Amino acid sequence: MGVAGAFAHRLLAMVRAPKGAPKERVIRLAWLCISYLWGFLAMSPVRVRFAPSPTGALHIGGVRTALYNFLLARQTGGTMILRIEDTDQSRYVPGAEEYILESLAWAGIHIDEGVGVGGPHAPYRQSERKQLYRQFAEKLVAEGHAYYAFDTEAELETMRKSLLAAGGSTLPYGSQTRAQMANSLTLPSAETSLRLQRGDEYVIRLKVPADETIHLHDLIRGDVYVHSSQIDDKVLMKSDGMPTYHLANVVDDHLMQISHVIRGEEWLPSAPLHVLLYRSLGWADTMPQFAHLPLLLKPDGHGKLSKRDADQMGFPIFPLNWTDPKTNELVKGFRESGYLPEALLNFLAFLGWNPGTEQELFTLPELINAFQLERIGKAGARFDIQKAKWFNQQYLKQKSVADLAPFLTAELTARDRSVSETTVALAITILKERITFPHELWSEGEFLFVAPTTFDESVAAKKWNAEAVAVIRAYKDALIATEPFTAPAVKDVLEKTTQALHIGTGKILQALRLALTGRGTGPDLMIAMEIIGREGVVARLEHALKTLTVKS
RNA sequence: GGCCCGUUCGUCUAGGGGUUAGGACAUCAGAUUUUCAUUCUGGUAACAGGGGUUCGAUUCCCCUACGGGCUACCA
């Protein structure tokens, strides 16, 4: 619909345009048709997956990967699949899967099919698909594309060392070295079957061709070529009976009819291996398209953003709070730090992608509409929290008073304070323009409801002088009789008081603020006074006059 | 070390053979706000370097430098 509309619009614009010779126009028209036809083809429903492994908290780069997958799925009316890649039992972390599910739900990245929702290709947890992978691995062995290998870790280590000693650039296990190792290619077949029957530990390795250039077309990076001598005979099935990522990933993507593999750049080096696997399994013609995303880098640009950066850098990198089950250490999440999911998504979308226009604020539907894989950049993007904060502020500003009210009322009820709805609404109105996070409603606005117990020393030293004291003393007396006690009335009285004393209002305003709030800065003071109310204002002024002393 | 990918203001990026190299965040200054914040206006600020190709290169090609990724029976 959107595409058709845009097409019609441009067509119309072109026909109307007086510019260009007729012939030129025809060419341009043809071009336009071709490009939109291409666009339609690219818009055909897509099946994409987000496939994290439950080894800890999902980090923010993973959320971005999920987001890009999701955007493409929604844009094309396609399907977003969640697959859990839990083939490494030793790295499994309890709670991680639930964490992933909850994070995606919070972010608004909806899963159509997969863990948590089910679907036609269930199960979606790789540990539960174990038997499937074995079948394909055995098939590869039977067809000569893979082989059994019996080498122990120690033997592999020895090989590695000897290669290194020889000045080796050769892979530890590949076409150059496999002939010297203990595997079904070198051992007599009787020996192989004996070992297999006996229950010796073994792995299944892919037999990578010796001399071939493997081509890979990446939607983001273009054509990538890797020589097969650079790829080692990767383990497909581990000795514990589990597949490695490479096998499980390719098998599942094929079986689940994935059309686009959108994942981090760290997978680019093994992508040619995956191409080889698709070929060996006879699935070359239905191989998905690849798009390898630029990485999210640490703020200093050195290294990819990692879990360790979380609290060292002073900003979250996990979507939600995460308590490490081993260390019991709590790491704060974006949600708990006050980031709004729509702001985080908007920020994340722009880390490595942009629409090519000058619009920066995008709702989710707008992102879905504007997103294009082709417009994803190639270079790694540093993670800069400043911009995330700005996005958050923008989205927070758009929130209604009703949306924000709970943040304030929760704090108030926690303190057994009951405040009228209109007062809360008034407080939010003056506070919301100044804050970046919802919790700042309280940190910035607490004084509206609770009298200050301390005063900012530096402000007092600068602003609390004889003039201020004179004005505040007179003002306090005048306020006792002020009726009604509203912002305009209170302002009027203040102006009259200062005029009578021949002192500029501006000169004493900060002292007044200090007396009322304990601080030198804050929201509109007159409205604040209305919220505090006559009784509170007078009491606070009296307290301040007693407590603060004029320093000469 | 080897292989792969990359490099436009401090950061995210637009652009692309001839542009005053555009925007946003951050920063600085001014205006508004009788304070601060918000808002508005303006400023500082970038094509990594060297060779080609070309009338012309930031844009295309090569090399170098730098950065990143991978190099596990981890994903």
Side-chain angles (χ1 to χ4, degrees), chain A residues 51-55 85-88 90-91 126 149 151-153 156 160 164 167-173 201-205 216 218 220-222 224-227 229-232 234-246 248-249 263-272 292 294-295 297-299 301-304 347 350-361 375 377-391 393 397 430-435 444 459 463 494-495 498 504-514 519-525:
Chain A
S53 49
T55 54
E85 311 222 324
D86 55 349
T87 53
D88 186 356
S90 65
R91 290 215 308 158
Q126 288 185 329
D151 318 83
T152 64
E153 232 172 278
L156 284 172
R160 235 169 245 137
L164 223 60
S169 58
T170 337
L171 274 351
Y173 218 121
E201 288 216 331
Y202 70 94
V203 297
I204 296 177
R205 283 179 185 272
L216 164 82
D218 187 276
I220 295 170
R221 274 147 226 289
V224 177
Y225 299 90
V226 178
H227 193 83
S229 64
Q230 299 301 323
I231 303 171
D232 58 346
K234 278 272 182 295
V235 171
L236 264 22
M237 290 296 290
K238 299 187 265 191
S239 56
D240 67 358
M242 278 290 194
T244 56
Y245 170 86
H246 307 291
N249 191 260
R263 78 239 285 196
E265 194 189 349
E266 70 265 32
W267 292 111
L268 193 55
S270 51
H292 288 94
L295 262 17
L297 271 23
K298 295 175 196 288
H302 295 296
K304 62 174 170 175
F347 166 66
F350 271 73
L351 244 32
W353 172 85
N354 75 84
T357 65
E358 289 189 351
Q359 184 184 352
E360 296 220 63
L361 259 17
R375 290 200 62 88
K378 298 181 217 266
R382 295 185 196 198
F383 191 83
D384 180 17
I385 201 69
Q386 291 294 357
K387 197 117 185 197
K389 285 184 182 170
W390 178 77
F391 273 112
Q393 190 194 36
K397 247 193 323 204
I430 59 170
L431 288 166
K432 76 179 253 196
E433 291 289 309
R434 10 188 346 107
I435 58 171
E444 281 285 302
V459 179
K463 304 287 180 178
L494 177 63
E495 273 161 10
T498 53
T505 310
K507 285 183 81 175
I508 56 87
L509 198 77
Q510 250 189 306
L512 180 61
R513 178 184 291 284
L514 181 74
R519 305 196 213 175
T521 64
D524 188 289
L525 194 57

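Just so you know, these numbers come straight off a predicted model, no measurement behind them. Every chain is numbered from 1 and lettered A, B, ... according to where its sequence line falls, protein lines coming before strand lines.
If A/Ala381 and A/Leu297 are placed on RNA chain B by their nearest nucleotide, the residue sitting closer to the 5' end is A/Ala381. With the nearest nucleotide of RNA chain B identified for both A/Lys507 and A/Leu268, A/Leu268 has the one nearer the 5' end.
Rounded to a whole Å, the CG atom of A/Asp384 is 12 Å from the C1' atom of B/U27. As a whole-Å value, the separation of A/Phe383 CZ from B/C25 C1' is 14 Å. Taking atom CG on A/Leu295 and atom C1' on B/C4, their separation rounds to 13 Å, with Å as the unit. Whole-Å rounding puts the A/Ile385 CD1 to B/C12 C1' distance at 13 Å. Between the CZ atom of A/Arg221 and the P atom of B/G6 there is a distance of 6 Å, given to the nearest Å. Per the geometry, CD1 belonging to A/Ile430 stands 18 Å off P belonging to B/U33, to the nearest Å. Between the P atom of B/A24 and the CH2 atom of A/Trp353 lies a distance of 17 Å, rounded to the nearest Å. Put simply, CG on A/Leu216 is 14 Å from C1' on B/C3, counting in whole angstrom units.
Within the 4.0 angstrom heavy-atom criterion, only backbone atoms of the sugar-phosphate kind lie near A/Arg375; the bases stay farther away. Across all strands, A/Gln359 comes closer than 4.0 Å to no nucleic acid atom at all (heavy-atom distances). Note on A/Gly352: only backbone sugar-phosphate atoms sit closer than 4.0 angstrom, heavy atoms only; bases stay farther off. Nucleic acid contact class of A/Gly504 (heavy atoms, under 4.0 Å, all strands): none.
Between atom OG1 of residue A/Thr244 and atom NZ of residue A/Lys234 there is a gap of 9.0 Å, rounded to the nearest 0.5 Å. Between the CD1 atom in A/Ile435 and the NZ atom in A/Lys397 there is a gap of 11.0 Å [rounded to 0.5 Å]. One finds the OG1 atom of A/Thr521 at 7.0 Å from the CZ atom of A/Arg513 (value rounded to the nearest 0.5 Å).
Of the listed nucleotides (B/U7, B/U11, B/C3), B/C3 has the atom at the smallest distance from the side chain of A/Gln230.
Taking atom C1' in both B/C25 and B/A45, one finds a spacing of 14 Å when rounded to whole Å. Nucleotides B/G18 and B/A57, compared at atom P, are 11 Å apart to the nearest Å. For the C1' atoms, the distance from B/U19 to B/C28 is 27 Å, rounded to whole Å. Distance check on atom P: B/C62 versus B/C70 gives 26 Å, rounded to whole Å. The gap from the P atom of B/C63 to that of B/G2 amounts to 15 Å, rounded to the nearest Å. Nucleotides B/U8 and B/G22 are separated by 11 Å at their C1' atoms, to the nearest Å. Taking atom P on both nucleotides, B/G49 is separated from B/C66 by 15 Å, rounded to a whole Å. Annotation: B/C4 and B/C12 have their P atoms spaced 26 Å apart (nearest Å).
Base pairing of B/U32 is not made with any nucleotide, judged by Watson-Crick or G-U wobble geometry with both donor-acceptor distances under 3.5 Å. A 3.5 Å limit on both hydrogen-bonding distances identifies no Watson-Crick or G-U partner for B/A46. In this entry B/U11 has B/A24 as its Watson-Crick or G-U wobble partner, both defining distances falling under 3.5 Å. The partner of B/G6 is B/C66, judged by Watson-Crick or G-U wobble contacts that both fall below 3.5 Å.
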Passes salt bridge (charged side-chain N to carboxylate O under 4.0 Å, His left out), A/Arg519 versus A/Glu444? Steps please. CA-CA 10 Å; A/Arg519 305 196 213 175; A/Glu444 281 285 302; 3.8 Å; yes

With side chain to side chain contact (heavy atoms under 4.5 Å, CB included) as the test, would you mind laying out the steps for A/Val226 and A/Ile231 before giving the verdict? CA-CA 8 Å; A/Val226 178; A/Ile231 303 171; 4.3 Å; yes

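Counted by atom type alone, A/His292 and A/Arg263 present one or more donor-acceptor pairs between their side chains at under 3.5 Å. Side-chain atoms of A/Tyr173 and A/Asp151 form a donor-acceptor pair, as typed in the model, at a separation below 3.5 Å.
A ring-centre distance under 6.0 Å is found for A/Tyr245 and A/Trp267.
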Do nucleotides 70-75 of chain B as a string where each nucleotide becomes B, S or -: B if the base has a protein heavy atom under 4.0 Å, S if just the sugar-phosphate does, - if no protein is that close. S--BBB

Produce a footprint string for nucleotides 35-50 of chain B: one letter per nucleotide, 5' end first; B if the base is under 4.0 Å from any protein heavy atom, S if only the sugar-phosphate is, - if neither. BBBSS-----------

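Contact annotation: A/His302 reaches the phosphate of B/G68 (side-chain N/O to OP1 or OP2, under 4.0 Å). Between B/U13 and A/Asn354, no contact under 4.0 Å exists linking OP1 or OP2 to a side-chain N or O.
Checked against side chain to side chain donor-acceptor pair (under 3.5 Å), A/Glu265 has no partners two or more places apart in sequence or in another chain.
A salt bridge does not link A/Arg160 with A/Glu153: every distance from a Lys NZ or Arg NE/NH1/NH2 to an Asp or Glu carboxylate oxygen is 4.0 Å or more. Salt-bridge annotation for A/Glu360 and A/Lys387: present, with a side-chain N of the basic residue lying under 4.0 Å from a carboxylate O of the acidic one.
In the interface, the side chain of A/Lys387 is paired with the base of B/A24 through a donor and an acceptor atom under 3.5 Å apart.
Of the possible donor and acceptor atoms, none in the side chain of A/Arg382 sits under 3.5 Å from a partner among the backbone N and O of A/Lys298.
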